[in-house]
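Both counts, for ligands and for their atoms, begin at 1 and track the order of listing.
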Amino acid sequence: MNHYQPEVLISSEEIELRITDLAKAISKDYEDKELVFLCVLKGAFIFCSDLMKKVSLPVSVEFISLSSYGDGMKSSGQITTDMDITGNVAGKDVLIVEDIVDSGLTINFLKSKLREKGAESIKVASLLHKPGKQKFATDIDYLAFEIEDKFVIGYGLDYAGRYREIPYIGVLNAGQ
Ligand code: IMP
């Protein structure tokens, strides 16, 4: 089976440089604090892992698995929690680590969940943002790249469960 190599939108080198910048900003802003990374599965696992390795703070990690896309290229508008946070986030400083903010629905959903669970502070780090698609107001505190409204894959992002292993961010061709 041939391995699909989509058109490069953002190279591995560019991703690494931006992650270094974000990690520096996070380390400075949370100096003398302990931070909980909330890794939003499945898409953010590679970004979260690379970001964690570059942050010079004591960090712990929690996971939540959400789905809103099914197997398509459009959000269903309904978020399903496939696996909830298992640790205690009450009184903790939490950084939501997302792969991409599109409509903003997922981030709003996560922020209210974390508030309910009693998090002390909540901020957002996202690898990508599609500002053209945003419907729900939400601030992204640490953003690596803004992109146009194209469906992207690679570096953790999938289409119908595939292509997460591609080491850069590519654009999915309609025919694929
Ligand atoms: P939102 O709730 O509309 O902001 O959507 C966020 C979620 O949609 C992300 O965490 C991704 O799982 C998914 N998503 C949005 N755009 C893309 C894309 O271009 N490629 C892959 N997944 C995407």
Side-chain angles (χ1 to χ4, degrees), residues 3-12 14-15 18-19 22 26 36-52 61-86 89 94-117 119 122-176:
H3 194 251
Y4 174 50
Q5 291 189 306
E7 177 201 334
V8 179
L9 184 68
I10 306 170
S11 69
S12 316
E14 289 174 282
I15 297 171
R18 280 299 289 144
I19 291 182
L22 297 191
I26 293 166
V36 179
F37 275 40
L38 177 60
C39 178
V40 187
L41 299 174
K42 295 177 182 165
F45 77 107
I46 296 180
F47 173 49
C48 186
S49 133
D50 284 350
L51 186 64
M52 266 186 94
V61 65
E62 288 294 333
F63 298 95
I64 187 166
S65 182
L66 302 176
S67 48
S68 61
Y69 266 52
D71 276 354
M73 278 167 67
K74 274 213 170 74
S75 170
S76 64
Q78 289 277 333
I79 298 177
T80 310
T81 305
D82 298 323
M83 186 196 83
D84 208 344
I85 305 168
T86 55
V89 294
V94 181
L95 181 67
I96 299 170
V97 183
E98 251 291 32
D99 55 353
I100 182 162
V101 177
D102 187 13
S103 68
L105 182 69
T106 305
I107 292 296
N108 278 345
F109 172 87
L110 284 169
K111 280 186 169 171
S112 54
K113 191 185 256 294
L114 287 168
R115 276 194 290 267
E116 271 170 33
K117 288 180 183 282
I122 306 163
K123 283 192 180 185
V124 177
S126 184
L127 178 68
L128 303 170
H129 179 215
K130 289 184 193 167
K133 291 278 291 295
Q134 192 161 336
K135 286 193 219 144
F136 302 89
T138 184
D139 291 331
I140 305 174
D141 303 279
Y142 307 98
L143 173 66
F145 303 98
E146 257 184 18
I147 60 166
E148 284 173 47
D149 183 17
K150 290 181 173 166
F151 197 85
V152 289
I153 50 174
Y155 197 74
L157 289 108
D158 75 311
Y159 170 62
R162 297 175 65 195
Y163 311 123
R164 295 191 197 275
E165 74 284 11
I166 294 168
Y168 58 90
I169 295 164
V171 179
L172 185 74
N173 274 333
Q176 282 298 316

Atom indices of ligand 1 within 4.0 angstrom of [X] heavy atoms, with elements:
X	result
D158	21 (C)
L105	2 (O), 4 (O)
E98	10 (O)
D99	9 (C), 10 (O), 11 (C), 12 (O)
K150	19 (O)
G104	1 (P), 3 (O), 4 (O)
S103	1 (P), 2 (O), 3 (O), 4 (O)
T106	1 (P), 2 (O), 5 (O), 6 (C)

Sub-4.0 Å heavy-atom approach of [X] to ligand 1:
X	result
G43	no
K130	yes
I153	no

Are more than 12 heavy atoms from other residues, nucleotides or ligands located less than 6.0 Å from atom CD of E165?
yes
Looking at every heavy atom in both N173 and Y4, which two are closest together, and how far apart are they?
N-OH, 3.2 Å
Closest non-hydrogen contact found for D158 with I153 is C-CG2, 3.9 Å
Return the option from L110, N108, V152, L127 holding the heavy atom at the smallest distance from atom 21 (C) of ligand 1.
V152
Counting heavy atoms only, name the option from D102, V40, I100 that's nearest to atom 4 (O) of ligand 1.
D102
As an exercise, state the distance from [atom1] of [X] to [atom2] of [Y], rounded to the nearest 0.5 Å.
X	Y	atom1	atom2	result
I169	I147	CD1	CD1	7.5 Å
L38	E98	CG	CD	9.0 Å
I15	F145	CD1	CZ	6.0 Å

Would D50 and Y155 count as having a side-chain donor-acceptor pair, cut-off 3.5 Å?
yes
Any N/O pair F151/ligand 1 closer than 3.5 Å
no
Is the closest basic N to carboxylate O distance between K113 and D84 below 4.0 Å?
yes
Listed partners of K111 passing side chain to side chain donor-acceptor pair (under 3.5 Å), at least two apart
none
So, the side chain of R164 versus the backbone of G154: is there a donor-acceptor pair under 3.5 Å, distance only?
no
Between L157 and ligand 1, which part of the residue brings a heavy atom under 4.0 Å of the ligand: side chain, backbone, both or neither?
side chain
